[in-house]
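Working notes for the structure below.
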Amino acid sequence: MGDWKTITVPALSSASKITYQNTSEKKMSPSSLNMQQVLRSPLPLSKSTHSFFSAFCTEENVEQSISYLNRELTTLGFPSLYSECKDKELNVVSILNCMNELLVLQRKNLRAQEEVEIQHLKLGSDMDHLQNCYAKVKEQLEASRREIVGLQERDRQQQCKNRNLHRLLKNEKDEVQKLQNIIASRATQYNHDMKRKEREYNKLKERLHQLVMNKKDKKIAMDVLNYVGRVDGKRGAWRTGKTEARNEEEMYKVLLGGYEQRQKQLLVENAELKKVLQQMKKEMISLLPPQKQKPKERAEDGIGPVLSDMEEDAVELNKENMWELSCETVREQLTNSIRKQWRMLKNHVEKLDNQVSRAHSGALNGSDVISREDHELETEKLELEIQQCKEMIKTQQQLLQQQLMSPCDDDTSMLLQDCYLLEERERLQEEWKLFREQKNNFERERRSFTEAAIRLGLERKAFEEDRGAWLKQQFLSMTSDHKNSEHVKTQSAYSGSSDPDNQLMNFRSRQKKPHCLPSVPPSEELCQTIQPIPHNSNSSVVLNKTTEDSKPKQWKGLKKAETE
Amino acid sequence: MNFSEVFKLSSLLCKFSPDGKYLASCVQYRLIVRDVNNLQILQLYTCLDQIQYIEWSSDSLFILCAMYKRGIVQVWSLEQPDWHCKIDEGSAGLVASCWSPDGRHILNTTEFYLRITVWSLCTKSVSYIKYPKACQHGIAFTKDGRYMALAERRDCKDFISLFVCSDWQLLRHFDTETQDLSGIEWAPNGCVLAVWDTCLEYKILLYSLDGRLLSTYSAYEWSLGIKSVAWSPSSQFLAIGSYDEKVRILNHVTWKKITELEHPATIANPKIIVYKEMEKSPRVETESLVFPPARAQASSLFSTQSKYDISQVPVSLQYVKPVADRANPRIGIGMLAFSPDNCFLATKNDNIPNAIWIWDVQKLKLFVVLEQLYAVQLFQWDPRQPRLAICTGNSNVYLWSPAGCVSVQVPMEGDFQVLSLCWHSSGDSMALMSKDNFCMCYLEREEVK
């Protein structure tokens, strides 16, 4: 930064220098200082440029400044401001070019500067961050150092304590040892004292004995009226060597008796145990046969057959005279064979377990593969079974019902009957429901029939009226001359219409009955044709539209139809 | 259950004759013999001083009355009331007296255990046995009465002498590996003798009749050891109660421990039935539940009645903390007895004084615990069946059998505190003793199962 200051124009006034310095401090590139400076910050410079120009270039020193600028620009590689041909004549084009170039440069530089500044800021913040980090790490380091020191201190203290404890323990141990020694010595002392005392006591006893017993104490005596006989009635035997021997003998007899009894008990126990073993063996043998072959085959090389032979021998032996042989001989064979069979059984069981576990795992693995077909097959089977079962149940039910039909007075049968009654009731209810539905259907049909009948009646009426009208017309036309007697004639026509009417009616009904439904459209046509007659058309329309709503009317209609 | 009237008694001296026909009781210096069936006085003997001990001879013909203070033993015959016999130990003094199994000899132990004098009623002969050991169970006869084992102490060593009772000949004499022998006991079959050491050391030795050491058993060291020992009637088991509140059972084949029965203060196993005695004032409607004796009603109207309740486990029993710095602390198994049929073992732990533990011997498991209101004074098995009679120093007598247990008040006017009891050999009746009285208690046959 400071470099460019040195390049400042020596001819510049102090004021301009200061401005330069002020402004230039932000600049980085040494080239095109002034122009850049000028162009860089237009707003603040607008004033300063004035002052600048006023300072730099005045009326008096235009030439000088131009030449200075020229020199400066040429040194910076710009074309001269002066035209080449004419001396001291400013080349405006080149000036403009220069200025443009300078401006471009300036912009570029500005951009570069901005970038650099941003970078600088970035770097600055990075720097700050790093510095922070550094400080933190340093703190941490310090803290951990302190911690280490603390731990070391504690460790030292612990070691100290440990040493102390060790010392204490040792002391305690010593103490215990000492105490034990003391106890032992006390015990020996005590025993010794006891012995001494006892000896003294014995001596005293002896002395007392002598004193008491040797005095020929008259008092020590038994005063008996007469001696009593022994319990066994015998006299007391003399003490001789014989009696001693006899006593010994008896003692041994007693002992022997005891031992014999115990032996007997043991024998019984042994026999029972043997029995159990034998039974176990038999069961094992009966369990094993299918498995037995394999191990034999496997163990063919070497001792296998020999062992099995031996075993068979043993089996035979055991079967023959198991109970007669003493333990010694039988025991080994029996235990051997049982042990062997047991081993086999164990192997077998283990194998089975393995198989089971494998099967389990296999089932788990291959379930997807198998299931699709087998599953369906299985389900089919099951369904079939269910069907069969259902049938069975049905037949059984039937049988039961049959049984129930036959009279039986048992309570259970009563109960059963009740059950069946219930069932029957349900069935009846169902039937009842069906029946009602049917009834409804019938009713609906009947309603439609009645409608049709009503309609027919109406049609007939219309027709009758039509006919009446027609007859009237005809009558009128026929008797146009006899206008006087018109009234009477129509009346007579009306009154006399009953017979042909009936005939027609019969005809109509005969015609209608075979196809009652197709008769509806004609009836409608009829209605339309009947329309001119206001009264009837109205009623027919109403009937057509509200057949289902107006029941009472229907009923009336029905009654009419019935009466007709 | 019926009760007889009350008779006077002193020093709890009341005994059935071995044949079960007579009942001897003492009042001061008088010995009264009654017929067991009607309790009528058959004989009345007058001794020289207050009687301190009585014992029937094995054939029920003689009764021995010892007056230790005077050093005199008097023997009375039931058949010949005028017959008399007086044995005076003179200045040597007397501390113990007993019959030999044949019922014709009397063994008197002099003061300071100087010697044992064997007096014969058949001949004039007198034998002396020197150096008897001063201990509680120093003399033991086999059940068949053939042999006697005697603990001796000479030259600061323990010895056992085996005598043939028929002629008092010494059969065997051997030293035992004990510090200070404290008891001996024959197995019921008479072939094995159990010998146990002082309570300072847990040690039990088993000797054959011919003096061979069969086995030695020691459960632990450095602690107070054996407190009580009992053989099972079949000689199959030897139960050893010790100060560590456990009973160890040895078998008769290997003489090794089969099991260890602990006596904890809390019972948590729901399979164990705990009967707890409850006291309550009588009510008319509950009387039927309490097994009321007809005659008891009048006297029990104003007193409380007790009955058993089955407690819900876990139960914690009343525990008395023993004083540690005194000799003979109240801790450990002080009493144990097998039932006559070998099926049950009853024990009492001295620091749980109110409870009786009944063990199933076949399963070697605790079966029932009875918790009484007062400390158990004594329990005794019926000689014929698994039925246990218990007294706790109050006016009730308690009976347990596998079917259940009952508490019966003794229907006496005034206070009849049952301090001791003894079964008749038939198991149909028992004598209940208080400080100054005794009465008979008859059990009906129907109750027996």
Side-chain angles (χ1 to χ4, degrees), chain A residues 183 187 190-192 194-199 201-202 204-213 215-240 243-248 250-259 261-262 265-266 269, chain B residues 58-59 61-62 71 73 75 77 80 82-93 102-104 106 110 112-115 117 119-126 128 130-131 142 144 146-147 153-156 162 164 166-169 171-172 179-180 189-192 208-210 235 252-253:
Chain A
I183 287 170
Y190 165 78
N191 280 340
H192 195 261
M194 276 295 285
K195 268 191 186 154
R196 202 160 48 84
K197 286 260 165 68
E198 208 177 327
R199 257 182 225 126
Y201 167 68
N202 280 345
L204 280 172
K205 254 168 98 173
E206 202 69 28
R207 183 103 186 101
L208 184 69
H209 195 260
Q210 276 173 7
L211 280 174
V212 172
M213 307 304 169
K215 224 168 64 181
K216 285 289 167 196
D217 197 344
K218 284 275 165 63
K219 276 174 92 181
I220 301 180
M222 186 168 71
D223 172 24
V224 185
L225 188 73
N226 60 309
Y227 289 104
V228 198
R230 289 167 67 92
V231 187
D232 49 9
K234 285 177 198 162
R235 282 177 58 209
W238 292 103
R239 274 197 205 178
T240 54
T243 55
E244 213 169 287
R246 210 188 60 220
N247 281 336
E248 285 274 311
E250 266 183 27
M251 180 198 81
Y252 282 120
K253 256 188 204 162
V254 167
L255 270 181
L256 265 177
Y259 283 124
Q261 210 185 332
R262 234 158 90 185
Q265 283 174 1
L266 285 174
E269 213 175 299
Chain B
S58 57
D59 53 5
L61 292 177
F62 299 98
V73 171
V75 186
S77 165
Q80 300 167 269
D82 344 329
W83 187 87
H84 61 85
C85 170
K86 190 185 94 178
I87 301 166
D88 194 337
E89 285 293 339
S91 48
D102 65 356
R104 293 294 180 270
I106 290 166
T110 62
F112 306 112
Y113 291 86
L114 282 177
R115 67 181 184 195
T117 325
W119 302 89
S120 170
L121 298 185
C122 307
T123 60
K124 224 179 173 179
S125 69
V126 180
Y128 299 103
K130 264 184 104 179
Y131 313 114
T142 55
D144 58 4
R146 269 203 235 184
Y147 302 101
R153 182 87 175 174
R154 319 178 176 183
D155 301 328
C156 308
L162 298 180
V164 181
S166 56
D167 53 6
W168 302 107
Q169 202 161 28
L171 187 69
R172 282 288 185 278
Q179 283 278 318
D180 179 18
N189 64 7
C191 288
V192 184
S208 165
L209 183 58
D210 54 355
S235 310
H252 74 309
V253 181

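Convention: sequence-line order gives letters A, B, ...; per-chain numbering from 1.
- The structure places CZ of B:R146 at 5.5 Å from CD of A:E250, a figure rounded to the nearest 0.5 Å.
- Annotation: side-chain contact (heavy atoms from CB on, under 4.5 Å) contacts of B:R154 (sequence neighbours excluded): B:Y131, B:E152, B:F159, B:H173.
- In this structure, the portion of A:N191 lying under 4.5 Å from any heavy atom of chain B is its side chain and not its backbone.
- The minimum heavy-atom distance between A:Y201 and B:F112, with the atom names listed, is OH-O, 3.6 Å.
- No other option in B:C85, B:C122, B:S120 has as many heavy-atom pairs under 4.5 Å with chain A as B:C122.
- Heavy atoms closer than 4.5 Å to chain A are found nowhere in B:D144, neither backbone nor side chain.
- Separating the CZ atom in A:R262 from the SG atom in B:C191 is a distance of 8.5 Å, to the nearest 0.5 Å.
- Interatomic distance, CG of B:L171 versus CG of A:N247, reported as 6.5 Å (0.5 Å rounding).
- Of the atoms belonging to B:K130, it is side-chain heavy atoms, and not backbone ones, that fall under 4.5 Å from chain A.
- A:H192 NE2: 12 or fewer foreign heavy atoms inside a 6.0 Å radius.
- The shortest non-hydrogen separation linking A:V228 to B:W83 is CG2-CZ2, 3.6 Å.
- For the set B:N189, B:D210, B:T110, the entry with the most heavy-atom pairs within less than 4.5 Å of chain A is B:D210.
- Proximity to chain B (any heavy atom under 4.5 Å) is shown, for A:Q261, by neither the backbone nor the side chain.
- For B:S208, the part sitting under 4.5 Å from any heavy atom of chain A is the side chain, from C-beta outward, and nothing else.
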Check the pair A:T243, B:Q169 against side chain to side chain contact (heavy atoms under 4.5 Å, CB included), reporting the backbone distance first and the verdict last. CA-CA 9 Å; A:T243 55; B:Q169 202 161 28; 3.6 Å; yes
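- Across all their heavy atoms, A:N202 and B:D155 have their closest contact at ND2-N, 4.1 Å.
- Considering only heavy-atom pairs separated by less than 4.5 Å from chain A, the leading option among B:L121, B:I87, B:V73 is B:L121.
- Of all heavy-atom pairs between B:C156 and A:E198, the closest is CA-OE2, 3.7 Å.
- Here the straight-line distance linking atom CG of B:L114 with atom CG of A:L208 works out to 5.0 Å at 0.5 Å rounding.
- One distance of note links CG of A:L225 with CG of B:D82; it measures 7.5 Å at 0.5 Å rounding.
- Under the ring pair (Phe, Tyr, Trp, His ring centres under 6.0 Å) criterion, B:Y147 pairs with no residue at all, not counting sequence neighbours.
- For OH of B:Y128, the number of neighbouring non-hydrogen atoms (other residues, nucleotides, ligands) closer than 6.0 Å is greater than 12.
- In this structure, B:L209 CG and A:K253 NZ are separated by 14.0 Å, a value rounded to the nearest 0.5 Å.
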